[in-house]
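Presented below is the structure to which this report refers.
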Amino acid sequence: MRVLVTGGAGFIGSHITEALTAAGHEPVVLDLAGEGVDVVADVRDRDAVAAAVRGVDAVCHQAAVVGLGKGFQDAADYVGVNDLGTAVLLEEMERAGVRRFVLAGSMVVYGEGRYACAEHGVVRPGPRAVEDLDGGRFEPPCPRCGSPLEPGMVAEDAPVDPRNVYATTKLAQEYLAAAWARATGGSAISLRYHNVYGDRMPRDTPYAGVASFFRSALERGEAPRVFEDGAQRRDFVHVTDVAAANVTALEALEGGMHTGALRAYNTGSGHPHTILDMATALAEAYGGPHPVVTGEYRLGDVRHITASSDLLHEELGLRARVGFAEGMKGFAAAPLRSVPPAAARS
């Protein structure tokens, strides 16, 4: 296949282009900057996108503004790049007759995820109250009785509940892709990434993930600063496993899967860890300062979000290959990227 990879010079995108090449495919890279870029352009540049999609068999869409960023003050930037950019891309794919699309989705579309109350069973708590966060009460209570909850694994059929601007734009991307697939008879997959980490993560940017924050701090000789009490649960998945998932998804669409529809797959390691677990493992592997638990919080952050990746295994035959301990040891020694702010967001 000849595959257009938007954001293909970025952190995840560069690993995908390598994985595509290793699998015998031909990647075409569209990005704002970076090495090995075939089309230097913003994904909202209609003329550049139209030229880029001509002659390709599929599109792997990684270009996006990611993370919580600076709060609501950059909402227009998120919506512009993520949603308008996706709409421009899908329009030009329709015009060019390209009918296979893999999207970099995100687990953030689930909001707080899945919880169980001992009395009321599965419940979905609302956003955490500021007064609770200020008082160090970080666990969301049962919305019916106020009792403590047990976090669980979220499946793809769980209700979506985005809690910040980034999450809202990622869900809108899926809705756009689903509408495109129905209208054109195309095939689309959204890989809902969990907390991706690995070499080439951008350093010192508000748009990177927590693993990059901690690794950047260690590189500066500083202790990683862990927000809340560090007990937040996440699924940390290595970037090479995410790249492999993209290649497999593209090949599945080539084989005729999901015609006229979008299918979402949780894409994680399947083994949750706390934020403090991750910070501690990374600091020990790096040989740097031990993490500091600060009690600070960010509005829009969720407490626990860990989703089951069983469907990815059942339908696409994929399981993560890089274990947590091995991955953190490698990441501690991996180089980070110093890139311009615009490129760091793709």
Side-chain angles (χ1 to χ4, degrees), residues 5-14 16 30-34 40-46 48-49 59-93 101-113 127-128 160-180 188 190-197 201-213 227 234 242 262 264 267 297-302 305 337 339-346:
V5 184
T6 70
F11 165 46
I12 297 174
S14 64
I16 293 171
L30 182 149
D31 210 313
L32 291 170
V40 180
D42 190 298
V43 74
R44 294 167 289 186
D45 184 336
R46 186 177 295 277
V49 170
V59 172
C60 184
H61 186 29
Q62 306 296 311
V65 182
V66 300
L68 277 180
K70 302 172 184 177
F72 202 82
Q73 61 186 280
D74 46 14
D77 194 19
Y78 276 85
V79 173
V81 174
N82 296 359
D83 298 338
L84 177 59
T86 299
V88 169
L89 177 61
L90 292 169
E91 276 190 25
E92 296 307 324
M93 287 174 61
F101 183 68
V102 172
L103 172 67
S106 176
M107 52 81 182
V108 295
V109 300
Y110 297 117
E112 274 291 349
R128 294 181 292 171
V160 290
D161 186 17
R163 297 289 175 88
N164 55 57
V165 172
Y166 170 60
T168 302
T169 65
K170 295 307 289 183
L171 183 57
Q173 285 184 310
E174 289 193 359
Y175 287 151
L176 286 166
W180 166 85
S190 176
L191 297 173
R192 290 176 175 169
Y193 300 162
H194 284 249
N195 288 69
V196 187
Y197 72 96
M201 288 193 88
R203 62 161 57 85
D204 298 324
T205 166
Y207 300 95
V210 67
S212 176
F213 296 163
F227 281 12
R234 298 291 188 271
V242 170
L262 176 136
T267 305
Y297 66 87
R298 296 192 301 177
L299 280 177
D301 268 342
V302 297
I305 178 62
R337 296 187 304 145
V339 292
R345 301 186 213 172
S346 63

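Remark: Tyr193 pairs with no residue by the ring-ring contact (aromatic ring centres under 6.0 Å, His included) rule, at least two apart or across chains. Asp161 is linked by a side chain to side chain contact (heavy atoms under 4.5 Å, CB included) to Arg124, Arg163, counting only residues two or more places apart in sequence or in another chain. Judged as a side-chain hydrogen bond (donor to acceptor under 3.5 Å, both in side chains), and not counting sequence neighbours, the contacts of Thr6 are His61. In this structure Arg44 satisfies the side chain to side chain contact (heavy atoms under 4.5 Å, CB included) test together with Asp42, Val81, Leu84, sequence neighbours excluded. Scanning for side chain to side chain contact (heavy atoms under 4.5 Å, CB included) contacts around Ala48 gives Val39, Ala41, Asp45, with sequence neighbours left out. With sequence neighbours left out, Glu174 forms a salt bridge (charged side-chain N to carboxylate O under 4.0 Å, His left out) with Arg192.
Between Arg234 and Val302, the closest side-chain pair of non-hydrogen atoms falls below 4.5 Å. For the pair Asp301 and Arg128, the minimum side-chain heavy-atom distance is below 4.5 Å. Side-chain contact between Glu92 and Arg46 is present, with heavy atoms from C-beta onward closer than 4.5 Å.
Atom CD1 in Ile305 sits 9.0 Å away from atom OG in Ser106 (nearest 0.5 Å). From Thr86, atom OG1 reaches atom CD of Glu91 across 11.5 Å, with rounding to the nearest 0.5 Å. With values rounded to the nearest 0.5 angstrom, Trp180 atom CH2 is found 4.0 Å from Met93 atom CE. For the atom pair NZ (Lys170) and OG (Ser190), the distance works out to 7.5 Å, reported to the nearest 0.5 Å.
For Ala9 against Gly34, the heavy-atom pair with the smallest separation is CB-CA, 4.1 Å. Here the closest heavy-atom approach between residue Val43 and residue Ala63 is recorded as CB-CB, 4.4 Å. Of all non-hydrogen atoms in Ala104 and Gln62, the two that sit nearest each other are CB-OE1, 3.3 Å. Shown here for Arg337 and Phe11, the closest heavy-atom pair between the two residues is NH2-N, 3.3 Å. When all heavy atoms of Leu176 and Asp83 are compared, the closest pair comes out as CD1-O, 3.6 Å. Closest approach of Val66 to Tyr78, counting heavy atoms only: O-OH, 3.2 Å.
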Start with the C-alpha gap between Leu30 and Val49, add the side-chain angles, then the distance that decides, and say whether side-chain contact (heavy atoms from CB on, under 4.5 Å) holds. CA-CA 8 Å; Leu30 182 149; Val49 170; 4.3 Å; yes
Could you go through Asn195 and Met107, starting from their C-alpha distance and side-chain angles, then the distance that decides it, and tell me whether this counts as side-chain contact (heavy atoms from CB on, under 4.5 Å)? CA-CA 9 Å; Asn195 288 69; Met107 52 81 182; 3.3 Å; yes
Apply side-chain contact (heavy atoms from CB on, under 4.5 Å) to residues Asn82 and Tyr166 and explain how you reach the verdict. CA-CA 9 Å; Asn82 296 359; Tyr166 170 60; 4.1 Å; yes
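Formation of a donor-acceptor pair under 3.5 Å by the Ser212 side chain with backbone atoms of Pro202 is found in this model.
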